[in-house]
Amino acid sequence: MFKTFDCLQVLCSANLLRMKKNSLAATIAYVAVFTALVIVLAFVSIPVGSAGVPIVLQNAALILAGLILGSKRGGYVGLLFLFLGLALPVLAGGGTTLRALAGPTAGYIIGYVLSPAVAGAIAYRSPKNKAGMTAVLAIAAVCGLAIQYICGAFGLMIRSGLEIGPAFAAQLPFIPVDAGKLVVAVIIALGVHAAFPDLMGRKAS
């Protein structure tokens, strides 16, 4: 996650972020690059707790996609990521989408599609001033993470047979680490939007 900004700098140097906001070519480029970033972060997976759900960086990368690309393109990243996962082991720990959907992480997989879309919808309503944008991006990131937790909890109820209380309690060990990941994601998103305001359809001041 801490090397994400370096990846985005490479993206910027290739002028992908300077492409017209609504261009189909730009959308394909953005989605492809962020999907590749999410896949790269599959190599980080730390088992925790008794529910069989590991600490990963992919969840934060998907939220970051929403914060930077917006609702539609962020959602496309989630969809493309899971589509590739049907044939390739792109999920954390070398898993596939079908394998994840059959296990206790099924709900989180659904959240991977919804969270960037929700985070992006909120993020792209942020004001131009830095303080306001920071607050809105933070809210967007938290809402995206909440979507993942809620979907994950319901997945645990269905796949692992947990009651609603234990299913939501299983999210607690992840909160401190995920909070730190969101801070990094918001900082990165702020930097990108400051450098490339056209992403939100704005002109540099």
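Cluster membership check: Leu88 shares its hydrophobic cluster with Tyr112, using side-chain heavy-atom separations under 4.5 Å among Ile, Leu, Val, Met, Phe, Trp and Tyr. Hydrophobic clustering (side-chain heavy atoms under 4.5 Å, transitive across Ile, Leu, Val, Met, Phe, Trp, Tyr) keeps Val40 apart from Leu69. Tracing side-chain contacts under 4.5 Å through hydrophobic residues (I, L, V, M, F, W, Y), one reaches Leu82 starting from Leu101; they form part of the same cluster. Note on Ile150: it does not cluster hydrophobically with Leu145, by side-chain heavy-atom contacts below 4.5 Å among ILVMFWY residues. In the hydrophobic cluster analysis, where Ile, Leu, Val, Met, Phe, Trp and Tyr join through side-chain heavy atoms closer than 4.5 angstrom, Val184 is grouped together with Leu137.
Between Leu67 and Ala140, the closest heavy-atom pair is CD2-CB, 3.6 Å. Across all non-hydrogen atoms, the minimal contact from Ile109 to Ala100 is CG1-CB, 3.5 Å. The shortest non-hydrogen separation linking Pro116 to Gly111 is CD-O, 4.1 Å.
Taking CG of Leu190 as the reference point, atom OG1 of Thr134 lies at 4.0 Å (rounded to 0.5 Å). Here the straight-line distance linking atom OH of Tyr30 with atom CG of Leu199 works out to 5.0 Å at 0.5 Å rounding. In this structure, CD1 in Ile68 is found 9.5 Å from CE in Met200, a value given to the nearest 0.5 Å. Atoms OH and OG, from Tyr149 and Ser115 in turn, are 11.5 Å apart once rounded to the nearest 0.5 Å. Here the CG-CD1 distance, from Leu182 to Ile187, works out to 11.0 Å after rounding to the nearest 0.5 Å.
At least one donor-acceptor pair closer than 3.5 Å links the side chain of Ser23 to the backbone N or O of Ala25.
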N/O donor-acceptor pairs under 3.5 Å from side chains in residues 56-66, not counting sequence neighbours:
{"residue": "Gln58", "atom": "OE1", "partner": "Ala92", "partner atom": "N", "Å": "3.0"}
{"residue": "Gln58", "atom": "NE2", "partner": "Val38", "partner atom": "O", "Å": "3.0"}
{"residue": "Gln58", "atom": "NE2", "partner": "Val90", "partner atom": "O", "Å": "2.8"}
{"residue": "Asn59", "atom": "OD1", "partner": "Lys181", "partner atom": "NZ", "Å": "2.9"}
{"residue": "Asn59", "atom": "ND2", "partner": "Gln148", "partner atom": "OE1", "Å": "3.4"}
{"residue": "Asn59", "atom": "ND2", "partner": "Asp178", "partner atom": "OD1", "Å": "3.3"}

Considering only distance and modelled atom types, tabulate donor-acceptor pairs under 3.5 Å from the side chains of residues 165-177, sequence neighbours left out.
{"residue": "Gln171", "atom": "OE1", "partner": "Tyr108", "partner atom": "OH", "Å": "2.6"}
{"residue": "Gln171", "atom": "NE2", "partner": "Tyr108", "partner atom": "OH", "Å": "3.1"}
{"residue": "Gln171", "atom": "NE2", "partner": "Ala167", "partner atom": "O", "Å": "2.9"}

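By the side-chain contact (heavy atoms from CB on, under 4.5 Å) test, Ala121 is found to be paired with Ser71, Arg125, residues two or more places apart in sequence or in another chain being considered. Remark: Leu114 engages Ile110, Ile147, Cys151 in a side-chain contact (heavy atoms from CB on, under 4.5 Å) (not counting sequence neighbours). Val31 meets the side-chain contact (heavy atoms from CB on, under 4.5 Å) test with Thr27, Thr35, Arg73, Tyr76, Val77, Leu80; sequence neighbours excluded.
Results of the side chain to side chain contact (heavy atoms under 4.5 Å, CB included) test with Leu91 over Ile39, Thr96, Thr97, Thr105 single out Thr97 as the only residue that passes.
Side-chain atoms of Ser126 and His193, non-hydrogen and from C-beta on, never get closer than 4.5 Å to each other.
Listed by first and then second residue, the side chain to side chain donor-acceptor pair (under 3.5 Å) pairs involving residues 77-91 amount to none (not counting sequence neighbours).
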